[in-house]
Participant: 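Quick one: structure below, then a few questions.
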2 protein chains.
Amino acid sequence: MSQDRERSDREREIPSRSCNRYQIPVTLICTNDSEEAGVAVSTGEGVTIRDVAARAGVSIATVSRVLRGNIPVSEPTKERVLTVVSELGYRPSVLGRSLAEGRHAANGIVFPDLSGPYYAEVVLGYEEAAGELGRSVLILSTHGRDAAPEMVRELARRVDGMVVLGRTVSDEVVQEIAARGLPIVLLARSAAGEVDSVNAENVASAIRLTEHLIDHGHRTFAVVGGAESSPDTMERWAGVRTALLRAGLTPPAEPVPAGLREEEGTRVAEDLLVAGVPDAVVCANDELALGVITGLRAAGIDVPGQVAVTGWDDVMAARYAGLTTVRQPMRELGVRAARMLDLRIRGDAGPARHEVLPTNLVVRNSCGRHEPPDLDRR
Amino acid sequence: MSQDRERSDREREIPSRSCNRYQIPVTLICTNDSEEAGVAVSTGEGVTIRDVAARAGVSIATVSRVLRGNIPVSEPTKERVLTVVSELGYRPSVLGRSLAEGRHAANGIVFPDLSGPYYAEVVLGYEEAAGELGRSVLILSTHGRDAAPEMVRELARRVDGMVVLGRTVSDEVVQEIAARGLPIVLLARSAAGEVDSVNAENVASAIRLTEHLIDHGHRTFAVVGGAESSPDTMERWAGVRTALLRAGLTPPAEPVPAGLREEEGTRVAEDLLVAGVPDAVVCANDELALGVITGLRAAGIDVPGQVAVTGWDDVMAARYAGLTTVRQPMRELGVRAARMLDLRIRGDAGPARHEVLPTNLVVRNSCGRHEPPDLDRR
DNA sequence: TTGAAAGCGTTACCAA
DNA sequence: TTGGTAACGCTTTCAA
């Protein structure tokens, strides 16, 4: 925007109230637009390092040194500079600093869609941890758009590192960006090549969940949602399969395809009614499970009397709906990812690290009636 | 970081494979670190406008013109430059561009806490709309920290405009930043001075809700949560008061203080049991209401038989808990705020605008039993 | 239509 | 300890 050419030397003179009592500045002819010179400046907006240097009678290098603090500056000089800084309300330009330092002091996070409590919690944890580490957070949700890879590449150019959640962009895109040297942490998404990752445990908890359902006497199973598009759910379905095989039961041939949303669940319920209702419906997340329950009940099916339905995540609604599910430490996932990323940004080298956070089976009553009236309702 | 001083003229020569068939570049002595000259470049990382200019045999100004597209460039030149750009995988530096243009191409959003479905939805809408307008989104949650004003000021230095939600920083801070010329839109927070705002309708819906409760026969009311800290809830309580006075009933003297979270609700329920349980408990949001219900029921109180409890927002759990509430267009709030902000960033002047989005009363059964078995359960 | 060069606001090197 | 100044990577003015 404003490129005021005829700047040169004329403006910079500052009314030298040469008393050394720190007073509020009254006039300062500044370099900015204000056609009418002699305007009072106090907001600190538009004040540059040169203004400070001129007023303090030092070079801009010295001002920079004082502000960065790492290089020795004589006490009186430092004091003088700091005085002027606060008089003028000077704050270094983020842009100027970033350009000179070659870093952004910002992190990115890419998720498929912010909707749903799961992502919100993850982002919350991430933002909090990143903030404490002095980094700004740029968010990007891809919404399954075709332009997603380009959006992510663009984000990559504005940050010093980023966290990428499952189902956003392909491993190729991740690899490409990582290859350029940008630190990346994968979240809720199995490791791709030499990239760090943070995940919640999936297989063992899926086995535990399935065994619980088998204990209820359920014999025929359907699994709903996710699959290929979501590595996270693939692990879960592998766990379900393992548990069923161990028990000598027949695992479902294919997961029922469905998006991770409530409406999708009710739709699936209708399909299930046509295709034949299994004993247990294991869903990829809570929203989906709640939708399935709604759909089944609307058709007069008793849940859990005739069919058991389970979810994953343990969102708030799951508690009120009495949904049996697996709790993930959503917020903690975000926190860990932020910390892991920060390490890499600070130059930490070494082979890729993979963190796996534990989960909890939360038994409520959508999985079948329990003899002891009601098991741990939260 | 890397400030390679001895750059000057020596490097820039490019092996002039002077055939005009576009071939994949094989060697290019680049200006970057690589001590061993003659390294092949193809990732596009570290390629600057100068590299492109040199290879295309034009000035950097011309490259810039081609890329920006606004200034006429001869067709052959343009073509040549674009070829080199794609050969080298050149992408302009966001930092360099921003510094020169004096803008960030990024928006901020400040909220008190991302937890809870309400904020998540707002952010989702905001991010989506801002993204479509070509702007990155920086998020900041203040968590009620003392440093909040400083955090927000810092954010203000990294964006071209920002949205500020209620209960984050004081009006003074908002005014201060707005005075510097940074476009701001207030969200879920009543207008402060000459600043744009987007809100959901509060008073009329509170009146409607209250009247519904009165129709149920409830006569003594308590309102829980929010108040001064949250201008949004103050409006709601004003609505409740109005409705009660109109009906000749006594409004509660004070709102019961409580944070907007579930745990707070259960705590309040205990207090209510001691202080005396009213006919109806109107809560500032759904989480709080759900907590109150849980607390009351745990004490053996029948909801809605003995007490009616209502929420606000209509989050997912509200549906499964059968909570009577007021639905806000959360996502739409975010979208509108993003658009309004964008207008200002594009230089739109004029007096502050205030948008108010309509809400819906959602009657379920926490407000009292209805004669017709169950009213619009969504 | 094009090029040269100033300027955006910093940091960090080199010499004093 | 300090000042001068190149460099970061771009945009835009001014002249040609």
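Residue numbers start from 1 in every chain, and the chains themselves are labelled A, B, ... in the order their sequence lines are given, proteins ahead of strands. These numbers come from a predicted model, not from an experiment. We use all heavy atoms of the structure for the numbers below, so side chains are in, but hydrogens, waters and symmetry mates are not.
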Participant: Would a 4.5 Å heavy-atom cut-off, applied to side chains only, mark B/P351 and B/E194 as touching?
Facilitator: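 Yes - at least one pair of side-chain heavy atoms lies under 4.5 Å apart.
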
Participant: Would you classify A/I49 as touching base, sugar-phosphate or nothing, given that sugar-phosphate means primed atoms plus P, OP1 and OP2, and contacts are heavy atoms under 4.0 Å?
Facilitator: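 Base, at least one base heavy atom under 4.0 Å.
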
Participant: Short of 4.0 Å, heavy atom to strand atom, which residues of residues 68-78 of chain B count as contacting DNA chain D?
Facilitator: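 Heavy-atom cutoff 4.0 Å gives B/R68.
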
Participant: Minimum heavy-atom separation for B/P183 to B/D160, with atom names?
Facilitator: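 Smallest heavy-atom distance, with atoms named: CD-O, 3.2 Å.
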
Participant: Quick check on DNA chain C: between B/A61 and A/I60, whose nearest nucleotide comes earlier from the 5' end?
Facilitator: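 Nearer the 5' end of the strand: B/A61.
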
Participant: Using C1' atoms of five pairs at each end, report the bend of the helix from C/dT1-D/dA16 to C/dA16-D/dT1 rounded to 10 degrees.
Facilitator: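 The angle separating the two end axes equals 40°.
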
Participant: Please report the distance, rounded to the nearest Å, between CZ in B/R91 and C1' in D/dC10.
Facilitator: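 Nearest whole value for this atom pair: 15 Å.
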
Participant: Whole-Å distance between D/dA6 C1' and A/L99 CG?
Facilitator: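 Going from CG in A/L99 over to C1' in D/dA6 covers 13 Å.
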
Participant: Would you mind reporting whether B/R68 and B/V63 have side-chain heavy atoms less than 4.5 Å apart?
Facilitator: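 When only atoms from C-beta onward are counted, B/R68 and B/V63 do not touch, as no gap falls below 4.5 Å.
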
Participant: Quick one: does any side-chain atom of A/T142 pair with a main-chain N or O of A/R145 as donor and acceptor, under 3.5 Å?
Facilitator: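 No: the side chain of A/T142 does not pair with the backbone of A/R145.
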
Participant: Mind checking whether A/V164 and A/L187 have side chains closer than 4.5 Å, heavy atoms only?
Facilitator: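 Side chain of A/V164 against side chain of A/L187, heavy atoms only: no contact under 4.5 Å found.
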
Participant: Can a donor-acceptor pair be found between the side chains of B/S136 and A/R158 at a distance below 3.5 Å?
Facilitator: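 A pair is found: one side chain offers a donor N or O, the other an acceptor, under 3.5 Å apart.
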
Participant: To the nearest 0.5 Å, what is the distance between CG (A/L95) and CD (B/E101)?
Facilitator: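 Output value for this atom pair is 10.0 Å.
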
Participant: Compare side-chain N and O positions of A/S93 against OP1 and OP2 of C/dG9 and report whether any pair is under 4.0 Å apart.
Facilitator: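 For C/dG9, OP1/OP2 do not have a side-chain N/O of A/S93 under 4.0 Å.
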
Participant: Would you classify B/S64 as touching base, sugar-phosphate or nothing, given that sugar-phosphate means primed atoms plus P, OP1 and OP2, and contacts are heavy atoms under 4.0 Å?
Facilitator: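 Base contact.
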
Participant: Got a second to check how far A/I49's CD1 is from A/R91's CZ, nearest 0.5 Å?
Facilitator: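 The distance works out to 13.5 Å.
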
Participant: From the set D/dC8, D/dT11, D/dG9, return the single nucleotide nearest to any side-chain atom of B/R50.
Facilitator: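 For B/R50, the side-chain atoms sit closest to D/dG9.
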
Participant: Using whole Å, report how far CD of A/E101 lies from C1' of C/dC13.
Facilitator: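 Atom CD in A/E101 sits about 15 Å away from atom C1' in C/dC13.
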
Participant: Is there a donor and acceptor pair, one atom on the side chain of A/R65 and one on the base of D/dG3, closer than 3.5 Å?
Facilitator: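 Indeed there is one.
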
Participant: Rounding to a whole Å, what distance do you find between B/R158:CZ and C/dG9:P?
Facilitator: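 These atoms are roughly 17 Å apart.
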
Participant: Listed by chain and number, what are the side chain to side chain contact (heavy atoms under 4.5 Å, CB included) partners of B/L133, not counting sequence neighbours?
Facilitator: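 Partners of B/L133 by the side chain to side chain contact (heavy atoms under 4.5 Å, CB included) criterion, ordered by chain and then number, come out as B/R135, B/D342, B/R346.
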
Participant: Quick one: label A/V58 by what it contacts on the DNA or RNA (base, sugar-phosphate, nothing), any heavy atom closer than 4.0 Å.
Facilitator: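 If one applies the 4.0 Å heavy-atom cut-off, A/V58 turns out to touch the sugar-phosphate alone, with no base involved.
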
Participant: Give the rounded distance in Å between these two atoms: CD of B/E79 and P of C/dT1.
Facilitator: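 So the CD-P distance, B/E79 to C/dT1, works out to 16 Å.
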
Participant: Nearest to the side chain of A/P92, heavy atoms from C-beta on, is which of D/dG3, C/dG9, C/dT10?
Facilitator: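 Looking only at heavy atoms from C-beta outward on A/P92, the closest nucleotide is C/dT10.
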
Participant: Please give me the minimum heavy-atom distance between A/A130 and A/A338, naming the atom from each residue.
Facilitator: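 That would be N-CB, 4.0 Å.
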
Participant: OP1 or OP2 of D/dG3 less than 4.0 angstrom from a side-chain nitrogen or oxygen of A/T62, does that happen here?
Facilitator: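 Result: yes.
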
Participant: Give a yes/no on whether any side-chain N or O of B/R97 is located under 4.0 angstrom from OP1 or OP2 of D/dG9.
Facilitator: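 Result: no.
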
Participant: In whole angstroms, how far is the C1' atom of C/dT10 from the NE2 atom of B/H104?
Facilitator: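 The answer, rounded to whole Å, is 14 Å.
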
